[in-house]
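Start at 1 with the first residue, then count along the sequence.
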Amino acid sequence: PAGKPLPALAAVMGLLDGFNVCSLGAVVLVLGLVIALRRRKKIAAVGGAFIAVTAVIYGILIMLWYKLFAFLAPIAGVVEALIGILGVAGGILFLRQFVRYRKYGPACGFGNSRLITRFSNKVAEAFRDRRALAAIIGAVCLFAALVAIVEFPCSAAVPVVFAGILSDSGLPIVSIIGYISLFMFFYLIDELIVFALAVWKMNVWMASPKFAVWAALAEGIFLLALGVYYLLGVV
């Protein structure tokens, strides 16, 4: 299918992908520790490092999926079929997630991960010496990279489908990087708001968990419709 509005898709898909309990939970955890520093410059440095590393790692993961789709592109109809199948499968997954969130409340899938728990404890230890800013930033950057990689499957359908759409566009690599950057901006916009409020008010604000619940519904409907659109295009 041609004529896709890529800027709008990047904005909508990035925004929907950003409203997941995993990414928001991670940034709130880090900012909760950072607030104890009680200095706006340090809060800005540490929180900014976390968000920057998250953006870079997540963006690289999307680029790797784009490369995979681009590799398959010469095979006629394969990319479109994969986007359609992934869209439908992802839509069903998010709709099931919405039902589960409505019943039990939103919860992150890696919440019980031993690796995440162990590393979050290491980050907490780094904050005990509040003067060692470099060590704190280093620990937070490693934690951000780990969370971005482990959390990617939490909502992988959205960025993977977006990578497929980009590969189907036939655009030059500079434009691809631009659209991935646009996707990442909207993906991080909720975290940037939480971060800005933390620097300004010196406390952590957390949006109502209902956002994550209804975002799951919106993602489910959006991906399902997108998947059907691509599958019909293949047929």
Side-chain angles (χ1 to χ4, degrees), residues 1-20 22-23 52-98 109-110 113 115 144-189 215-235:
K4 295 172 289 297
L6 288 176
L9 281 174
V12 172
M13 295 179 79
L15 189 63
L16 289 175
D17 193 29
F19 280 106
N20 68 72
C22 296
S23 59
V53 171
T54 299
V56 170
I57 298 298
Y58 208 81
I60 289 173
L61 291 172
I62 297 175
M63 178 60 75
L64 290 174
W65 277 102
Y66 162 78
K67 289 290 187 181
L68 177 60
F69 280 113
F71 175 76
L72 297 171
I75 307 173
V78 168
V79 171
E80 290 84 354
L82 281 175
I83 296 172
I85 293 168
L86 286 169
V88 171
I92 293 170
L93 180 67
F94 277 112
L95 290 176
R96 291 179 63 186
Q97 189 179 79
F98 167 72
F110 69 60
S113 168
L115 185 61
L146 180 65
V147 167
I149 294 169
V150 176
E151 178 249 325
F152 193 79
C154 184
S155 60
V158 177
V160 170
V161 168
F162 180 68
I165 292 171
L166 288 180
S167 72
D168 194 44
S169 68
L171 292 170
I173 192 65
V174 174
S175 298
I176 297 299
I177 293 172
Y179 282 121
I180 291 176
S181 300
L182 183 62
F183 178 98
M184 286 310 308
F185 171 75
F186 281 94
Y187 172 82
L188 291 169
I189 199 165
L217 175 62
E219 284 175 292
I221 295 172
F222 186 85
L223 283 177
L224 197 59
L226 201 61
V228 170
Y229 170 76
Y230 267 88
L231 289 176
L232 289 176
V234 172
V235 175

Is any side-chain heavy atom of Y229 less than 4.5 Å from a side-chain heavy atom of I83?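 Answer no - side chains too far apart.
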
Search all heavy atoms of A73 against all heavy atoms of V79 and return the closest pair with its distance.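 So the minimum-distance heavy-atom pair works out to CA-CG2, 3.6 Å.
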
Partners meeting side chain to side chain contact (heavy atoms under 4.5 Å, CB included) with A145 (sequence neighbours left out):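 Scan of A145 (side chain to side chain contact (heavy atoms under 4.5 Å, CB included), adjacent residues dropped) gives V53, I57.
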
Close side-chain approach of I62 and M184, heavy atoms under 4.5 Å: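 Heavy-atom side-chain distance check passes, below 4.5 Å.
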
Distance from W65 atom CH2 to F162 atom CZ, nearest 0.5 Å?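 W65 atom CH2 to F162 atom CZ measures 15.5 Å (nearest 0.5 Å).
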
Student check: side-chain heavy atoms of F94 and L223 closer than 4.5 Å: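 Yes, close enough: below the 4.5 Å cut-off.
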
Tell me every residue that passes side chain to side chain contact (heavy atoms under 4.5 Å, CB included) with I176, counting only those two or more places apart in sequence or in another chain.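 Only M63, Y66, L166, S169, L171, I173, I180 meet the side chain to side chain contact (heavy atoms under 4.5 Å, CB included) criterion with I176.
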
Identify which one of V78, V160, D168 satisfies the side chain to side chain contact (heavy atoms under 4.5 Å, CB included) criterion when paired with F69.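 Looking at V78, V160, D168, the match for F69 under the side chain to side chain contact (heavy atoms under 4.5 Å, CB included) is V160.
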
Side chain to side chain contact (heavy atoms under 4.5 Å, CB included) involving L16 - partner list, sequence neighbours excluded: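 Partners of L16 by the side chain to side chain contact (heavy atoms under 4.5 Å, CB included) criterion, ordered by chain and then number, come out as V12, A218, E219, F222.
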
Rounded to the nearest 0.5 Å, what's the gap from CD1 on I177 to CG on L182? Could you check?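 Separation between the atoms: 14.0 Å.
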
Residue list, side chain to side chain contact (heavy atoms under 4.5 Å, CB included) with L217, at least two apart or on another chain: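 Listed in chain order: L95, F98, W214, I221.
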
Do D17 and M13 have side chains that get closer than 4.5 Å, going by heavy atoms?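 Counting from C-beta outward, D17 and M13 never come under 4.5 Å.
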
Hey, are the side chains of Y187 and P159 touching, using non-hydrogen atoms and a 4.5 Å cut-off?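 Not touching, per the 4.5 Å side-chain cut-off.
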
Close side-chain approach of L86 to Y230, heavy-atom, < 4.5 Å: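 Contact flag for L86/Y230 side chains = no.
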
So which atom in G90 and which in A157 form the shortest heavy-atom distance, rounded to 0.1 Å?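 Looking at all heavy atoms of both residues, the closest pair is CA-CB, 3.7 Å.
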
I need the minimum non-hydrogen distance between V161 and G87, along with the two atoms involved.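 Smallest heavy-atom distance, with atoms named: CG2-N, 3.9 Å.
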
